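Taking it in order: structure first as structure tokens, then the write-up.
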Amino acid sequence: NAGVTQTPKFRVLKTGQSMTLLCAQDMNHEYMYWYRQDPGMGLRLIHYSVGEGTTAKGEVPDGYNVSRLKKQNFLLGLESAAPSQTSVYFCASRRSDRGREKLFFGSGTQLSVL
Amino acid sequence: QQQVKQSPQSLIVQKGGISIINCAYENTAFDYFPWYQQFPGKGPALLIAIRPDVSEKKEGRFTISFNKSAKQFSLHIMDSQPGDSATYFCAASIPLADKLIFGTGTRLQVFP
């Protein structure tokens, strides 16, 4: 049982390049999330999805796009990377809309934008 | 109203000591308060959680104390060990919420 898997684990981009981060979960969870983690800023929600084919904006959505074409996958795209997007990105998932449900996190993607 | 304020940002404790991390909130609709633990290079993982109908919850060396009237809750780590060195996040949510509201995190270092 792999849980939440993120690829790639590390990536270096030049300003203006694009890339896609992939999150896959094998727990049949409805809800999926993308967070970024920066020193002193905690976990900030970028976008999330409450089910296949749905997406919604979080706290810091600018510069990112997402897609949830399959229930098990949640993709985070950067169309034109900027140095301010240098961060550690975490994907998470949970089973349902109950607020008390446990979040399962992936191990993160370290992204550097030069 | 949707914020959860966490302090301190960093904490250094000697082995065997008590680590205390505090969180405060404004939204009285919050009804679930989890703590997540994150080791370096890993994603956060649920450590312990409490609902507002109890004032304390204990799991091993970890205890959440909850003060509903003050709108504060805290994590106490008794007999802190070097293996407890991690970043701790408090969080809160309302019933049927789409998402958790996270605090900004506390980096705990426990020295032998």
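Since we're looking at a predicted model, the values are computed, not measured. Below, chain A is the first sequence line, B the second, and so on; all start at residue 1.
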Can you get from [X] to [Y] by hopping between Ile, Leu, Val, Met, Phe, Trp and Tyr side chains that sit under 4.5 Å apart?
{"X": "A:V88", "Y": "A:L75", "result": "no"}
{"X": "A:L22", "Y": "A:F74", "result": "no"}
{"X": "B:L46", "Y": "A:F90", "result": "yes"}
{"X": "B:Y25", "Y": "B:I21", "result": "yes"}
{"X": "A:L114", "Y": "A:L78", "result": "no"}

(message) Quick check: do A:L103 and B:F102 have side-chain heavy atoms less than 4.5 Å from each other?
(response)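 A side-chain contact under 4.5 Å exists here.
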(request) Anything in residues 8-21 of chain A with a heavy-atom distance to chain B below 4.5 Å? Please list those residues in order. (result) none
Do you know which two heavy atoms are closest between [X] and [Y], and how far apart they sit?
{"X": "A:Y33", "Y": "B:K99", "value": "CE2-CB, 4.0 Å"}
{"X": "A:F105", "Y": "B:P44", "value": "CD1-O, 3.2 Å"}
{"X": "A:Y48", "Y": "B:D98", "value": "OH-OD2, 3.5 Å"}
{"X": "A:Q37", "Y": "B:F89", "value": "NE2-CZ, 3.3 Å"}

(message) Under 4.5 Å from any heavy atom of chain B, what part of A:Q110 do you find: side chain, backbone, both or neither?
(response) neither
(message) Is A:Y35 close to chain B through its backbone or its side chain, or both, or neither, when contacts mean heavy atoms under 4.5 Å?
(response) side chain
(message) Quick check on B:Y36 against chain A: is it the side chain, the backbone, both or neither that has a heavy atom closer than 4.5 Å?
(response) side chain
(request) To the nearest 0.5 Å, tell me how far A:E59 CD sits from B:I101 CD1. (result) 6.5 Å
(request) Inspect the surroundings of NZ in A:K71 and state if more than 12 heavy atoms from other residues, nucleotides or ligands are less than 6.0 Å away. (result) yes
(message) Are there over 12 heavy-atom neighbours, none belonging to B:E59, within less than 6.0 Å of that residue's CD?
(response) yes
(request) Among the options B:Q6, B:Q9, B:Q38, pick out the one with the most heavy-atom pairs lying under 4.5 Å from chain A. (result) B:Q38
(request) Anything in residues 103-112 of chain B with a heavy-atom distance to chain A below 4.5 Å? Please list those residues in order. (result) B:G103, B:T104
